[in-house]
2 protein chains.
Amino acid sequence: MTAHPAGPDELDFLSFVDFAVTKTTSELGAVDPEAMRLVLTLHRLTSALVYDLESAVHRPRGLSWPGFRVLFVLWLAGPLESKRVAQLSGMSRAAVSALVNTLEKAGLVERRQAEHDRRAVLLSLTEAGHDTITQDYQAHNEREQAWANTLSPDERTTLIGLLHKLMTGAAAADAKRRF
Amino acid sequence: MTAHPAGPDELDFLSFVDFAVTKTTSELGAVDPEAMRLVLTLHRLTSALVYDLESAVHRPRGLSWPGFRVLFVLWLAGPLESKRVAQLSGMSRAAVSALVNTLEKAGLVERRQAEHDRRAVLLSLTEAGHDTITQDYQAHNEREQAWANTLSPDERTTLIGLLHKLMTGAAAADAKRRF
DNA sequence: AGGAGATAGTCAAAGCTTTGATCAAAGGAG
DNA sequence: CTCCTTTGATCAAAGCTTTGACTATCTCCT
């Protein structure tokens, strides 16, 4: 993938993928280098993307990445039971509970008891929360566009399709998940 | 993307992507739905993948996901300065420092002073660390293969190419990063 | 109706993350 | 050679994460 395979001293976060694939296959034999490269690249790209979005968009506006995710879910689908927020945002129920403590103190989210089930807690955005996520998501999407514009429209469509296929495939179906 | 667009009550982690894209564009107007779908899908897929690998492969063998990443880097490119481990594994130096405390207690990693620079700390695997990562990575790669086999060889190649392009593109170059 | 079992939310402990401060050591300029 | 700046590692505080335990509540079966 690179012109000149780098030695251990000139590696960086990106070129480490090539290095790792080469070195591992020569060392272990029974590995599938394409599967390795796929997962490594996917993980590194996503890390870089999330780091960029969090530090360039959300932190400057006072939100953490997890805080953004909860607000985003409540914005689009709220009010929701705490359980549903956990499902839709991909966190554990305990994580949502802890996070909502912070968001509640910040005046962005409200907790109230559900009517039909006294165990359940209904979460909703406050007006401040609604304003925050509306503006924040605006900036978020602009940054998303900057990333997405690296690819042509066809490439974007292809990529989304492949990611979707991977997400709905057999391995994903067997995968350990939170729910 | 789905046959029948789900209402807020029947959503799950995956179908939320469709719902979010539809709802946001109708609510905000100025968003790019494809960029949104791309980032949302990428993030959710990667989360699911990492969760699966961590809980099915690494935790049962006594490693955390971050611990695995550090061991993996040291296995292939070690011994390395602490700084380099941070770069190659994509963590902050402080995170590596804290994590190595744990790995050192577990007898998997050794710290020693570098010769040429008395500020620097050289990290290397112990023999137990080497054995651990060798076996652990074996299982890791088998699980990677299960995921990757959802796609045909051509699809895998295409996907890797597109991810790589995104990773090296203009937005990635401007992106806020740790280094 | 009564009791067993499942479910919602929270708490606690432990670990990992971040940023910013601190300290020691190295490098460069005068 | 000395001062100033930069750099490597660690620490501290705050936040988020996980699993597992616990309480309250609901549901279902007899």
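Each chain gets a letter, A, B and so on, in the order the sequences are listed, and its residues count up from 1.
Not counting sequence neighbours, the partners of B/Thr46 by the side-chain hydrogen bond (donor to acceptor under 3.5 Å, both in side chains) test are A/Thr46. With sequence neighbours excluded, no residue forms a ring-ring contact (aromatic ring centres under 6.0 Å, His included) with A/Phe13.
Residue contacts shown for B/Ala120 are limited to sugar-phosphate atoms, with no base heavy atom under 4.0 Å away. If you check every strand for non-hydrogen atoms under 4.0 Å, A/Ala114 touches nothing.
The distance between atom CG of A/Leu103 and atom P of D/dA14, rounded to the nearest whole Å, is 18 Å. Rounded to whole Å, the distance from CG on B/Asn101 to C1' on D/dC11 is 10 Å. Whole-Å rounding puts the A/Gln87 CD to C/dT7 P distance at 12 Å. In this structure, B/Glu81 places its CD atom 12 Å from P of C/dA26, rounding to the nearest Å. Summarising the geometry, the separation between CG on B/Leu80 and P on D/dG8 is reported as 14 Å, rounded to the nearest angstrom. Going from atom NE2 of B/His58 over to atom C1' of D/dT19 covers 18 Å, rounded to whole Å. Per the geometry, CZ belonging to A/Arg93 stands 14 Å off P belonging to D/dA21, to the nearest Å. C/dC16 atom P lies 9 Å from atom NZ of B/Lys105, rounded to whole Å.
A/Glu104 and A/Asn101 share no donor-acceptor pair across their side chains, judged by distance under 3.5 Å alone. Side chain to side chain, B/Gln145 and B/Asn141 meet the donor-acceptor criterion of an N or O pair below 3.5 Å.
Taking the side chain of B/Ser64 as heavy atoms from C-beta on, and the options D/dT18, D/dA9, C/dC16, the nearest nucleotide is C/dC16. Comparing D/dT19, C/dT19, D/dA9 by their closest approach to the side chain of B/Tyr51 singles out D/dT19. Of the candidate nucleotides D/dC11, D/dT19, C/dT10, C/dT10 has the atom lying nearest to any side-chain atom of A/Arg111.
Placement of A/Leu123 and A/Phe68 within a single hydrophobic cluster is found when ILVMFWY residues are connected by side-chain heavy-atom separations under 4.5 Å, directly or transitively.
Mapped onto DNA chain D by nearest heavy atom, B/Ala94 and A/Pro66 fall at different nucleotides, with B/Ala94 at the one closer to the 5' end. Take the nearest nucleotide of DNA chain D for B/Ser82 and for A/Leu99: the residue whose nucleotide is more 5' is B/Ser82.
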Would you tabulate the pairs of protein nitrogen or oxygen atoms and nucleotide nitrogen or oxygen atoms of nucleotides 24-26 of chain D closer than 3.5 angstrom?
residue : atom : partner  : partner atom : Å
D/dT25  : O2   : A/Arg119 : NH1          : 3.1
D/dC26  : OP1  : A/Arg118 : N            : 3.0
D/dC26  : OP2  : A/Arg118 : NH2          : 3.0

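One finds the CZ atom of A/Arg156 at 11.5 Å from the CG atom of B/Leu162 (value rounded to the nearest 0.5 Å). How far OG1 of B/Thr41 is from CE of A/Met167: 8.0 Å, rounded to the nearest 0.5 Å.
Side-chain nitrogen and oxygen atoms of B/Ser92 include at least one within less than 4.0 Å of the OP1 or OP2 phosphate oxygen of C/dT18. For A/Arg59, no side-chain nitrogen or oxygen approaches OP1 or OP2 of C/dT17 to under 4.0 Å. OP1 or OP2 of C/dG15 has not a single side-chain nitrogen or oxygen of B/Thr102 nearer than 4.0 Å.
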Inset, instruction - Quick one: do B/Ser15 and B/Asp18 satisfy side-chain hydrogen bond (donor to acceptor under 3.5 Å, both in side chains)? Show the steps, please. - result: CA-CA 6 Å; B/Ser15 61; B/Asp18 289 309; over 6 Å; no
